[in-house]
**Student:** 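Structure provided below as structure tokens; questions to follow.
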Amino acid sequence: VQLQASGGGLVQGGGSLRVSCAVSGRFPLSYDVAWFRQAPGKEREFVSVCGWSGSTIYYGDSVKGRFTISRDKAKNTVYLQMNSLTPEDTAVYYCAARPRRTVLFDTNEMDKPWRYDYWGQGTLVTVSS
């Protein structure tokens, strides 16, 4: 199983950027995909998660109303549209996945990195002031 994050770059404050996470390899029939980010000297922070169906979505408090997660199951790709970016959004963005082990989306510790089994390499997003 491989997760490939892409789309990072340099953007001015107030601008927008979309990052993508392509999932490939032998994977369980259903899986949830999340985005985390990590700024220098800080812990990894939960950004958003999208359940297998695409209808169950959660966001971290710092990005609510500005970021939108979506998935294209046909392409096995999850997107994170980031709007109204600020320098505080500067970080390496990682996508992560976990197999769906329950019928309903499991919200228990969904914002914790250790709940995810597979990780991409990260893509750097830099927001200038």
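Atoms considered below: every heavy atom in the structure, side chains included; atoms not considered: hydrogens, waters and symmetry mates.
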**Student:** Measuring from N83:CG to S16:OG, what's the distance to the nearest 0.5 Å?
**Tutor:**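 So the CG of N83 and the OG of S16 are separated by 3.5 Å.
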**Student:** Do the charged groups of R66 and D89 touch, with an N to O distance under 4.0 Å?
**Tutor:** yes
**Student:** Under 3.5 Å, is there a donor-acceptor pair between the side chain of T123 and the main chain of S6?
**Tutor:** no
**Student:** Determine the minimum heavy-atom distance between L104 and T102, stating which atoms define it.
**Tutor:**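 Looking at all heavy atoms of both residues, the closest pair is O-OG1, 2.5 Å.
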**Student:** How far apart are the C-alpha atoms of R101 and D117, what are their side-chain angles, what is the distance that settles it, and do they pass the salt bridge (charged side-chain N to carboxylate O under 4.0 Å, His left out) test?
**Tutor:** CA-CA 12 Å; R101 297 183 173 93; D117 302 300; 3.1 Å; yes
**Student:** Out of curiosity, E43 CD to R37 CZ, how far, rounded to the nearest 0.5 Å?
**Tutor:** 14.0 Å
**Student:** Between W119 and Y94, how do the two ring planes meet: parallel, tilted or perpendicular, split at 30° and 60°?
**Tutor:** perpendicular
**Student:** Taking T77 for its side chain and K75 for its backbone only, find out whether a donor-acceptor pair lies under 3.5 Å.
**Tutor:** yes
**Student:** Tell me every residue that passes side chain to side chain donor-acceptor pair (under 3.5 Å) with T126, counting only those two or more places apart in sequence or in another chain.
**Tutor:**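 With neighbours one apart ignored, the set is empty.
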**Student:** Nearest 0.5 Å, please: how far is CH2 in W114 from CD in E109?
**Tutor:**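 If I round to the nearest 0.5 Å, the distance is 5.5 Å.
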**Student:** Nearest 0.5 angstrom please: T90 OG1 to L124 CG, how far?
**Tutor:** 8.0 Å
**Student:** OH/Y79 to OG/S70 distance, rounded to the nearest 0.5 angstrom?
**Tutor:**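 It is 7.5 Å, given to the nearest 0.5 Å.
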**Student:** May I ask you to decide if G51's main-chain N or O and R71's side chain share a donor-acceptor pair within less than 3.5 Å?
**Tutor:**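 Here the side-chain-to-backbone pair exists.
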**Student:** Determine, using ring centers only, whether F46 and Y58 are less than 6.0 Å apart.
**Tutor:**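 Distance test on ring centres: not under 6.0 Å, no.
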**Student:** May I ask you to say whether R98 pairs ionically with D32, meaning some side-chain N is under 4.0 Å from a carboxylate O?
**Tutor:**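 Salt bridge present between R98 and D32.
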**Student:** Would you confirm whether Y116, through its side chain, and M110, through its main-chain N or O, come within 3.5 Å as a donor-acceptor pair?
**Tutor:** yes
**Student:** How long is the gap from CD on E45 to OG on S62, to the nearest 0.5 Å?
**Tutor:** 4.0 Å
**Student:** For A5, does its backbone N or O pair with a side-chain atom of Q121 as donor and acceptor, under 3.5 Å?
**Tutor:** yes
**Student:** Testing the basics here: between V103 and R100, what is the closest heavy-atom pair and its distance to 0.1 Å?
**Tutor:**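 Result for this residue pair: O-NH1, 3.1 Å.
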**Student:** Is a donor on one side and an acceptor on the other found under 3.5 Å between the side chain of Y59 and the backbone of I69?
**Tutor:**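 Yes.
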**Student:** Evaluate the side-chain contact (heavy atoms from CB on, under 4.5 Å) criterion for residues L80 and T68: first the C-alpha distance (whole Å), next the side-chain angles of each, then the deciding distance (0.1 Å), finally the verdict.
**Tutor:** CA-CA 6 Å; L80 184 69; T68 303; over 6 Å; no
**Student:** Hey, does the Lys NZ or Arg CZ of R115 hover above the aromatic six-ring of F105, less than 6.0 Å from the centre and inside 45° of the axis?
**Tutor:**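 Not flagged: R115 not positioned over aromatic ring of F105.
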